[in-house]
Visitor: 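Questions regarding the structure given below will be posed in turn.
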Amino acid sequence: MGRAMKLSNESLGGAFVLVGFSDQPQLEKFLFIVVLISYLLTLVGNTAIILVSSLDPMLQTPMYFFLTNLSFVDLCFTTSIVPQLLWNLHGPEKTITAIGCAIQLYVSLALGSTECVLLAVMAYDRYAAVCRPLHYATVMHPRLCQALAGVAWLSGLGNTLIQGTITLRLPLCGNRRIYHFICEVPAMIKLACVDIHANEVQLFMASLVLLLLPLALILVSYGYIAQAVMRIRSMQAWRKALGTCGSHLLVVSLFYGTITAVYIQPNSSYAHSQGKFITLLYTVVTPTLNPLIYTLRNKDVQGALRRLVCKDQSLGD
């Protein structure tokens, strides 16, 4: 117990240096503009989806309940990372307090893990909508939807409490330079001055459960969806089924395609610059694209936005 407290106090003492992209000053200026614009779009887009899904009676369905959860996760996820990233990109100071680093580690890991499970839940919802349309309302009843969302949030909380705590208990021996732009588990365990093989195994096992298992469930769901779609003879019904799943499948591809490259790839091939740019994709770019993908490809959301705007205009008149 005393040793655990000692290690924890060492990790939380002093400040960390987030090296980030400091070796490329010109790139920092460009990234500052890109990240700032992306963050503003993320705030506006995801807030709009949450408001529209909550206020429009036509969108009070399981799909938009989960989409609201996803948008809220993305809002909080980017907010736990981007403000500190913008501060470091803009100024000469690249530091983050130890407490701030711990908070960022816990919050971002919890939300990222939650999104992994939530995307699998959304895939099951699409499976029920396409493969069991006549029983959809019975299968995806409100209690089940709330329970599935709760499982996603609890999975993220449990993962961050375990992984985050183990990471922060590692002895650092004065190493305070994080060769990344965020306090993330793969980057932070590299600071340890002890053998981290057990930590790498633990990280890999957690990634199997929270990354590859949900991804496998998503692929199985879409396998059944593909079979059901191939049996559809009506072109209109075929397009509707493709449209209702296309947006989610695109989001899944963007998120899992980037985050698995960081958490699953072997440590020996984890190049600092490559890891940072890949992390930039799933922490900044993907949350920005999610609302654009769902609104540009979804006529229900587009219609709800128009109704909301027209309602505001009529109230103003």
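All residue numbers in this chain count up from 1 along the given sequence. Values below: every heavy atom of this structure, side chains too, minus hydrogens, waters and symmetry copies.
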Visitor: For the pair T160 (side chain) and L157 (backbone), establish whether a donor and an acceptor sit closer than 3.5 Å, ignoring hydrogens and angles.
Guide: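 Between the backbone of L157 and the side chain of T160 there is no qualifying donor-acceptor contact (under 3.5 Å).
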Visitor: Can you tell me how far the CZ atom of R177 sits from the OG atom of S22, to the nearest 0.5 Å?
Guide: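 Taking CZ in R177 and OG in S22, the distance rounds to 6.5 Å.
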Visitor: Is W87 atom CH2 crowded by more than 12 heavy atoms from other residues, nucleotides or ligands, each under 6.0 Å away?
Guide: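 Counting neighbours around CH2 of W87, 12 or fewer heavy atoms of other residues, nucleotides or ligands fall under 6.0 Å, so no.
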Visitor: Group every Ile, Leu, Val, Met, Phe, Trp and Tyr by side-chain heavy-atom contacts under 4.5 Å, then state whether V285 and L249 land in the same group.
Guide: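 V285 and L249: one cluster.
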Visitor: May I ask you to decide if L148's main-chain N or O and Y124's side chain share a donor-acceptor pair within less than 3.5 Å?
Guide: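 Pair absent, no side-chain N/O of Y124 close to backbone of L148.
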Visitor: So do the side chains of V82 and L86 get within less than 4.5 Å of each other, counting heavy atoms only?
Guide: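 Of all side-chain heavy-atom pairs linking L86 with V82, at least one is under 4.5 Å.
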Visitor: Given the ring of F21, does K276 sit roughly above its face, with NZ or CZ under 6.0 Å from the centre of the six-membered ring and within 45° of the axis?
Guide: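 Yes, K276 sits over the ring of F21.
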Visitor: Under a single-linkage definition using a 4.5 Å side-chain heavy-atom cutoff for Ile, Leu, Val, Met, Phe, Trp and Tyr, are L191 and I103 assigned to the same hydrophobic cluster?
Guide: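 Same hydrophobic cluster.
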Visitor: Do F66 and L70 come within less than 4.5 Å of each other through their side chains, counting heavy atoms only?
Guide: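 With C-beta onward as the side chain, the pair stays apart.
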Visitor: Can you tell me how far CD of Q202 sits from CD1 of I162, rounded to the nearest 0.5 angstrom?
Guide: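 Here the interatomic distance stands at 8.0 Å.
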Visitor: Hey, does V117 have a side-chain heavy atom less than 4.5 Å from the side chain of L154?
Guide: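 Result no, sub-4.5 Å side-chain heavy-atom pair not found.
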Visitor: More than 12 foreign heavy atoms under 6.0 Å from CZ of F72: is that the case here?
Guide: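 Incorrect, the count does not exceed 12.
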Visitor: Is there side-chain contact between N290 and E115, with heavy atoms separated by less than 4.5 Å?
Guide: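 Contact flag for N290/E115 side chains = yes.
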Visitor: For residues F65 and Q146, determine if any side-chain heavy atom of one lies less than 4.5 Å from a side-chain heavy atom of the other.
Guide: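 Yes. Closest side-chain heavy atoms under 4.5 Å.
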Visitor: Between T42 and T78, do the side chains contain a donor N or O and an acceptor N or O under 3.5 Å apart?
Guide: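 Distance-only check fails for T78 and T42.
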Visitor: Kindly indicate, with the supporting measurements, whether the criterion side-chain hydrogen bond (donor to acceptor under 3.5 Å, both in side chains) is fulfilled by T165 and Y106.
Guide: CA-CA 8 Å; T165 303; Y106 276 119; 2.8 Å; yes
Visitor: Where the side chain of H135 meets the backbone of T138, is there a donor-acceptor pair that is under 3.5 Å apart?
Guide: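 A pair under 3.5 Å: no.
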Visitor: Is there a path of hydrophobic side-chain contacts, each under 4.5 Å between heavy atoms of I, L, V, M, F, W or Y residues, that connects L75 with L292?
Guide: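 Same cluster: L75 reaches L292 through Ile, Leu, Val, Met, Phe, Trp or Tyr contacts under 4.5 Å.
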Visitor: Using modelled atom types only, decide if a donor and an acceptor are shared between the side chain of T286 and the backbone of L281 within a distance under 3.5 Å.
Guide: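 Here the side-chain-to-backbone pair exists.
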Visitor: Any side-chain heavy atom of T95 sitting closer than 4.5 Å to one from L18?
Guide: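 When only atoms from C-beta onward are counted, L18 and T95 do not touch, as no gap falls below 4.5 Å.
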Visitor: Grouping I, L, V, M, F, W and Y whenever their side-chain heavy atoms are under 4.5 Å apart, do L212 and F255 come out in a common cluster?
Guide: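 Same hydrophobic cluster.
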Visitor: With hydrophobic residues grouped by side-chain heavy-atom distances under 4.5 Å, do V44 and Y39 end up in a single group?
Guide: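 In one cluster: no.
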Visitor: Evaluate the side-chain proximity of I178 to K190: yes if any heavy-atom separation is below 4.5 Å, no if none is.
Guide: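 Heavy-atom side-chain distance check fails, nothing below 4.5 Å.
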